[in-house]
Amino acid sequence: MQRKLRMGMVGGGPGAFIGEVHRKAARMDGGIELVAGAFDINPRKSKQMGRELCIDSKRTYTDYRKMIDKELALDADKRIDFVSITTPNNWHFPIAKDFLEAGFNVMCEKPMTMDVKEAVKLQDIVKKSRKVFGLMHNYTGYPMVKLARDMVKQGDLGKIYKVVVQYPQGWLIRPIERDGQQQAAWRTDPKQSGAAGCMGDIGTHAENLAEYITGLKIKEICADLTTFIKGRRLDDDGNCLVRFNKGAKGLLHASQISIGEENGLAIWVYGENQALEWHQEHPNYLYVKVIDGPVQVWRRGNDYVGAKSEAAGRATRLPFGHPEAFLEAFANNYVNFADTIRAKQARQKVDPISLDFPKVSDGVRGMKFIEAVVKSSKMGARWVKMK
Ligand code: NAD
């Protein structure tokens, strides 16, 4: 009989943002239960979170290293199957490395590491460990994004000429990091965030979405990053020209100082025969544009979506007209990640459709993207190769 996978978490303490999203999403489909965690950098707050979540106090840890030791000391049928890492970026690598080397599967937040060197190291560690590693680029979990990817794959667009992708936000228009706003404070600190601010935080989502839908790889970037807010230490806006393989060209911009914008992730893909348009804030619709014809609106939950894209059908829970969004997209990555763990635990072949979740290779791409945009911008917006 199939059992629930046992989830542990590092990060996601009181007042944290994304940890709670992971907890809700992982448990959405009933196949995962949260049983342990080191939830906060502050041991007292970790304990507080454990109590709020009704986690056994013996499995609410004050430090992630203790969590590894104590979980390893448990019988295999009690121990966590995987850990979700939802800490600021500087902790991703050491925590992922230690859990993988101790024999645990890992789901990790993005950007994956602090630089390319760490990312490549982590890729080696994942390979050696033979464990499952998932990266939470959640936007690839939306049914209509999967539909878009499959339309491209099935050749509906023909050759892709141009890709425009954007991720504007406005929440950092004021220097709220100086007032101690938790999420802003570490995101604008190079020691915790990495070499890029806005471009690492959300530019990587745009990069990942463009490569996922089109199947193309960014080859070269010409980037102009700016820190508009005086005294801020990392970029809060970035505009890039992009050259993909197979001759496609594009634009990618991300911003955290664009007043009025919330989470305006959107993408336009222009092919020789058709074009696609998708907006994260209206995720249940995919616009398909044809030459000399009216714009089509494909709507999530209709049978024609599942008929066109098995992955989109599988990623759909509710009938049409009842919106699905952010939490469900996270949950879709968890479903595929968990099914992959289950198949490996049972020594069975993984169903290829379950392998549709972001992995360590996507994390390496993300870190190469950050390295390339920072380098290009420092050189006065010169073209830089993304190897
Ligand atoms: P946050 O500041 O709200 O929460 C971070 C939590 O991690 C805090 O509870 C903090 O105490 C805890 N923490 C820090 N170091 C720790 C350690 N060594 N051990 C245990 N706990 C520790 O941050 P956030 O906004 O939730 O972002 C966390 C991560 O999630 C970042 O990497 C960010 O880029 C990513 N994120 C991803 C998405 C997405 O859409 N995929 C959205 C938001 C954030």
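In this chain, residues are counted from 1 in sequence order. Counting starts at 1 for both ligands and their atoms, following the listed order.
Atom 26 (O) of ligand 1 has I18 N, 2.8 Å as its closest protein atom, hydrogens excluded (heavy atom only). With respect to atom 23 (O) of ligand 1, the closest heavy atom belonging to the protein is W186 NE1, 3.3 Å. The nearest protein atom to atom 22 (C) of ligand 1, hydrogens excluded, is given as I41 N, 3.5 Å; this is a heavy-atom distance. Of the protein's non-hydrogen atoms, the one nearest atom 34 (O) of ligand 1 is K110 O, 2.8 Å. Shortest contact from atom 3 (O) of ligand 1 to any protein heavy atom: Q183 NE2, 2.5 Å. Among all non-hydrogen protein atoms, the one lying nearest atom 29 (C) of ligand 1 is T87 O, 3.1 Å. At the top of the distance list for atom 14 (C) of ligand 1, counting protein heavy atoms only, stands P88 CD, 3.4 Å.
Using a 4.0 Å cutoff on heavy atoms, M49 does not count as a contact of ligand 1. Within the structure, the closest approach of Y64 to ligand 1 does not fall below 4.0 Å when heavy atoms are considered. A heavy-atom separation below 4.0 Å is found between R187 and ligand 1. Under a 4.0 angstrom heavy-atom cut-off, H92 registers as being in contact with ligand 1.
Between the choices Y61, F17, W91, F39, the shortest heavy-atom distance to atom 15 (N) of ligand 1 belongs to W91.
Heavy-atom contacts of N138 reach the following atoms of ligand 1: 39 (C), 40 (O), 41 (N) (cutoff under 4.0 Å).
Residue-level proximity to ligand 1 for T86 is carried by the backbone, the only part with a heavy atom below 4.0 angstrom. At a heavy-atom cutoff of 4.0 Å, ligand 1 is contacted by both the backbone and the side chain of A16.
With respect to the salt-bridge test (charged N to carboxylate O, under 4.0 angstrom), the residues K110 and D362 do not qualify. The pair E101-K97 meets the salt-bridge criterion, since a charged nitrogen lies less than 4.0 angstrom from a carboxylate oxygen. Salt-bridge check for K191 with D189: failed, with every basic side-chain N at 4.0 Å or more from each acidic carboxylate O.
In this structure, the side chain of R314 does not engage the main chain of E310 through any donor-acceptor pair within 3.5 Å. Side-chain N or O atoms of E220 include none that pairs as donor or acceptor with a backbone N or O of W383 at under 3.5 Å.
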